[in-house]
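The analysis underlying the following values was restricted to heavy atoms, covering all of them including side chains, and did not include hydrogens, waters or symmetry mates. Here the structure is a predicted model, which means the values were calculated and not measured.
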Amino acid sequence: MDVEEHAGVEEEIEAAADWVARRVLAGTPLEDIAVLVPALDPLASLVAQRLERLPWLEGTLPVHVAGGLPLTGTAVGARALAVVRALRVSLAGDAQAQVLPALRTEGDGDRHLSLGRATDLIWSLGTAGGSAARPEAALEWTERAASREASIGGQIERARQSADDPDNAALVRSLRDLERLLADLRAVRPALDALVAVAQLALRGATLATLWPALREFLDRWLLQPGEGGRVHAILDERLSALTSDSACGALTRDDALRVIENAILATRLPTGRFGKPAVYVGTVHGAVGLPFSAVRVIGLAEGHLPPVPREDPVLPDSLRAQLGRAMPTAADDVLESLHALDAVVRGARHCVALSVPRLDVERSERESASVVLEAAAALGRPDAATGAAGAVIPDLRAVRRDAFAPARQA
């Protein structure tokens, strides 16, 4: 059994990948290896991505993420979310600049707008886009783009005619920038006009049953969707088709309808691998209860993560839950359940267990080791690594670092 401490999440994930590689080289079957986290997001996706980069035959190392990965963790999911959020803020300028690089362009070659070029293009159209006070201004993009295209074309023509005129030297020098800006505008205008048409539907009070098919068609036609697998509009349609057919949800309009679509994107998870096939298991401690593994590694054991911080329900406080009986668990019961889950997972491991602690978590906040790490060190009862004398029954953090963290780091 190893009890490890790492500087941060990045180092901890690298150590997890090394640990998995050592288990594989030792002959442990992939389906007998588990890397567990206190909660799926965001650690599960980071671990899965790192494990898939391990060398494995002619492809990637098979990984099964129990519960799947969030759609927003993929490029296409993040792009679809940016489109919906831009519609929710009435195509404000900053949100529009985030969307344009994700849209398909038309014209010569495979022209693709970077974020910088998209920002330059958006603000070259002037102060356009809607706001909470004036949402109808979202429809100004089409008119601004048409007038600005004609204006830039006129400037380019004058610059070309004045190539030898010393009084127009500044205009001539800006010719290249103007030509690039005009090419970008012409390439993205069809997608921009299509997005404004969807915004117009939302502003006119179209119901969810009408708005989602229009947005689905926009995502299918104009959103760049790299990679393999299902297309984002088809994935979301599986969740939203039932809502649009419902008489209550399908009648939602404006921001309520867009919020439903945004929540569907945030709640959608993509399956990764299949349980039972040869693949490293990545999941939560709760999800692994009852599953026997040969090698188990639990990462993210910083204070506040496992066991979690007790959070009392403001609607049904613990005092009321206690009166209702055991059928209503309290915040303390949830904490105890997480400890029981970890106990069951450790008992189910047949060969080796590793517990891992990051000093800096994902939010970049410094944290101490969780209480379960001290309990694990007490259960091991290892002697003083320096003197060989018997250690205290309940070791302090200094003893844990000396007798557990240091040997694991050396190994």
With the side chain counted from C-beta on, respond yes when [X] and [Y] share a heavy-atom pair under 4.5 Å apart, and no when they do not.
| X | Y | value |
| --- | --- | --- |
| P38 | P308 | no |
| L236 | I265 | yes |
| S369 | L374 | no |
| P135 | R254 | no |
| V83 | L215 | yes |

Pair I261-W212, side-chain contact (heavy atoms from CB on, under 4.5 Å): steps then yes or no: CA-CA 8 Å; I261 300 175; W212 167 240; 4.1 Å; yes
Around [X], counting heavy atoms of other residues, nucleotides and ligands shown, do more than 12 lie under 6.0 Å from its [atom1]?
| X | atom1 | answer |
| --- | --- | --- |
| R347 | CZ | no |
| R204 | CZ | no |
| E217 | CD | no |
| R274 | CZ | no |

side-chain hydrogen bond (donor to acceptor under 3.5 Å, both in side chains) involving R216 - partner list, sequence neighbours excluded: D237
Electrostatic pair [X]:[Y] at N-O distance under 4.0 angstrom:
| X | Y | result |
| --- | --- | --- |
| R409 | E11 | no |
| E12 | R297 | no |
| E368 | R401 | yes |
| R148 | E140 | no |
| R359 | E366 | yes |
| R189 | D193 | yes |

Among L258, T253, L252, side chain to side chain contact (heavy atoms under 4.5 Å, CB included) partner for D256: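 The option that passes is L252.
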Can a donor-acceptor pair be found, under 3.5 Å and without considering hydrogens, that links the side chain of [X] to the backbone of [Y]?
| X | Y | answer |
| --- | --- | --- |
| S294 | D32 | no |
| R231 | Q225 | yes |
| R144 | L125 | yes |
| E149 | R186 | no |

Test salt bridge (Lys or Arg N to Asp or Glu O under 4.0 Å) applied to R269 - qualifying residues, sequence neighbours left out: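 With neighbours one apart ignored, the set is D41.
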Aromatic plane relationship, F275 with Y281 - under 30° parallel, 30 to 60° tilted, over 60° perpendicular: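 Ring orientation, 0 to 90° scale: perpendicular.
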